[in-house]
Number of protein chains: 2
Amino acid sequence: MAKTTENATGTLGKAIEVLDIIASSAEPLRFTDVLKLSDQPRGTLHRQISNLIEEGLISVNRDNSYGLGLRLLQFASKAWASNQFRTIAEPHLQKLHEQTGETVHLGVLRGTEVIYLDKVESRQSVRMYSQIGNTAPAYCTGVGKAALSALPDDELDVRLAQVEFRCFTPNTLLDAKTLSAEIRQIRLEGNAYDREEHEAGICCVAAPIHSYNRHFIAGVSVTGPAYRITPDILQSWAGITRAAAGAIMANMATQLSPKM
Amino acid sequence: MAKTTENATGTLGKAIEVLDIIASSAEPLRFTDVLKLSDQPRGTLHRQISNLIEEGLISVNRDNSYGLGLRLLQFASKAWASNQFRTIAEPHLQKLHEQTGETVHLGVLRGTEVIYLDKVESRQSVRMYSQIGNTAPAYCTGVGKAALSALPDDELDVRLAQVEFRCFTPNTLLDAKTLSAEIRQIRLEGNAYDREEHEAGICCVAAPIHSYNRHFIAGVSVTGPAYRITPDILQSWAGITRAAAGAIMANMATQLSPKM
DNA sequence: AATTAAGTTCCAAATAATGGAACTAAGCAG
DNA sequence: CTGCTTAGTTCCATTATTTGGAACTTAATT
């Protein structure tokens with residue numbers, strides 16, 4: 001679960017790996033816990049953690065267990081505020097929300113996961129931090145499947161091979177073959193659907209967003225409760241969701257580079 | 001502006017310093033810009049940035065300028081959700097908001113700055129990320145001054161010496177002597193006030209929060225528009241703000257350590 | 001008081017970072 | 001188109017940092 005792919009980024013990579021171990025754990029870890037999860041010798045790990053604490057990336061709880069440091073919030077706040085893609089997408093998300101009245105998500109693909117970058121909803125009942133920055137598996141979310149569909153074939157194969165399927169609901173897709181077939185369908189239609197595949201009672205329609213060279217891949221979705229949003233209604237939003245995605249891509253082309 | 005205090009945290013420290021340079025800049029920096037701001041040789045800086053990119057901590061815009069990476073959002077989202085202090089404080093912030101009807105902030109002291117950790121307000125008109133994770137100078141905010149007042153004398157002197165005073169409004173305190181006097185007053189009263197010192201038209205009342213050994217220092221505040229919140233009204237909230245801070249400290253004592 | 005586990009410090013050996021210089025690519029002026 | 005300037009990238013012997021085993025201190029448990 002906390003096993004990060006063995007990176008070759010030297011000292012920094014190892015430090016971030018430790019950070020990842022601490023981030024991935026549900027409950028607070030103490031020194032020995034981290035020691036077991038990492039494959040570093042004690043002396044080494046101890047210094048790495050000391051450095052991370054010194055830099056404010058890790059905080060120490062009173063019982064000597066570790067948590068993520070607040071400096072990360074500081075960085076993230078700036079990352080979010082200054083993110084060009086998010087800034088460009090923002091008005092389009094707003095518009096899509098006004099057109100549908102439902103929650104709109106913006107997420108980017110990283111590996112086989114989706115990182116949620118923004119969210120627009122009517123009642124801000126749930127705290128934003130509970131969503132923004134959160135990740136979800138790409139294979140069982142609308143945004144994720146839309147994003148996967150925008151990958152070039154060779155790259156798609158690589159990613160599909162990395163997916164670790166897990167059953168969240170009775171509708172969750174559970175093998176690469178089914179997923180692959182669905183992605184072909186998404187490419188034809190231009191829209192992806194999440195039919196209560198990640199969370200029971202929640203469905204959505206999504207559309208892919210990508211940069212001209214497809215190095216950057218993202219997606220936008222409209223989400224709602226399944227009891228209220230019938231498949232027909234969902235499908236009726238497919239067009240405007242694609243339109244929003246298209247408008248964001250158009251804006252990216254004009255605003256992010258002199259010529260496309 | 002981006003000059004971080006020369007740290008001795010080895011390779012990691014240097015990498016984070018680069019991250020800080022990129023975070024501190026208003027507009028996107030290109031390679032040479034970062035080179036000028038850091039005092040690293042080109043080859044070195046180039047590798048450092050490459051590693052940061054590889055780890056997802058820095059992203060590259062299409063014009064080769066750098067921004068903060070989305071992986072920081074991922075970390076921050078977890079840091080926020082799992083933060084023990086914030087979790088403990090949350091219900092008390094909620095209650096304070098219900099009692100006053102105004103915006104409630106929770107912030108922790110880091111050096112001479114305050115990092116905002118949480119916020120409760122009625123109309124979520126402003127995006128949360130625009131506040132949470134944000135920092136502000138301690139000397140001109142209610143939460144910040146309350147926090148400073150909880151520092152032991154020797155530590156306070158150290159921090160006061162580090163403050164770089166800057167004028168935000170006509171009311172901003174501009175020298176250590178005045179600030180020091182005000183902190184003595186705050187210690188007597190148990191409350192700090194921001195009388196439009198950071199932002200014109202915005203005032204607040206705050207109270208300090210600290211761990212038993214005062215290694216961890218924070219503050220809670222009630223903020224409102226000055227045209228509506230007269231000094232009298234503000235003062236009438238002093239008691240419940242102190243009470244909220246006290247309740248949070250009591251909860252910390254019982255929940256964070258077996259015995260105090 | 002004895003025993004086990006948890007956390008911390010130390011230092012010679014191994015490894016990774018450094019930084020100067022050489023190199024390529026991009027932008028611009030004549 | 002050519003030469004000139006600036007921006008960005010790669011290379012590698014030298015240097016400095018990280019490594020990891022073991023010894024050590026402190027805290028918890030029996």
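All figures in this text were calculated on a predicted structure; none of them were measured in a lab.
Note: CD (E54(B)) to C1' (dA17(C)) measures 17 Å, nearest angstrom. dT9(D) atom C1' lies 16 Å from atom CZ of R30(B), rounded to whole Å. Between the P atom of dA17(C) and the CG atom of L45(B) lies a distance of 14 Å, rounded to the nearest Å. As a whole-Å value, the separation of F31(A) CZ from dT8(C) P is 7 Å. When the C1' atom of dG7(C) is taken as reference, atom CG of L35(A) falls 10 Å away, rounded to whole Å. Here dT8(C) presents its C1' atom at 10 Å from OH of Y66(A), a figure rounded to the nearest Å. The separation between N51(A) atom CG and dA17(C) atom P is 13 Å, rounded to whole Å. The distance between atom CG of D63(B) and atom P of dG27(C), rounded to the nearest whole Å, is 11 Å.
Projected onto DNA chain C by closest heavy-atom contact, R47(A) and L12(A) fall at different nucleotides, the more 5' of which corresponds to R47(A). When each of K36(B) and T44(B) is assigned the nucleotide of DNA chain D with its nearest heavy atom, K36(B) is the one assigned upstream, toward the 5' end.
In this structure, Q48(A) reaches the dT19(D) phosphate: one of its side-chain N or O atoms is under 4.0 Å from OP1 or OP2. Here H46(A) reaches the OP1 or OP2 of dT8(C): one of its side-chain N or O atoms lies under 4.0 Å away. Distances shorter than 4.0 Å separate some side-chain N or O of K14(A) from OP1 or OP2 on dT19(D). Between T32(A) and dG7(C) there is a side-chain N or O to OP1 or OP2 distance below 4.0 Å.
Taking every side-chain heavy atom of T11(B) into account, dT18(D) is the closest of dT18(D), dT18(C), dG20(D).
Remark: aromatic rings of H210(B) and F216(B) are distant, center separation not under 6.0 Å.
Checked by atom type, the side-chain pair N134(B)/S77(A) shows a donor-acceptor distance below 3.5 Å. A side-chain N or O of T9(B) and one of E55(A) form a donor-acceptor pair less than 3.5 Å apart.
With hydrogens and angles left out, the side chain of R42(B) and the base of dG8(D) share a donor-acceptor pair within 3.5 Å.
For the atom pair N61(B) CG and L29(B) CG, the distance stands at 10.5 Å (nearest 0.5 Å).
In this structure the side chain of I58(B) reaches within 4.5 angstrom of the side chain of L19(B), judged on heavy atoms.
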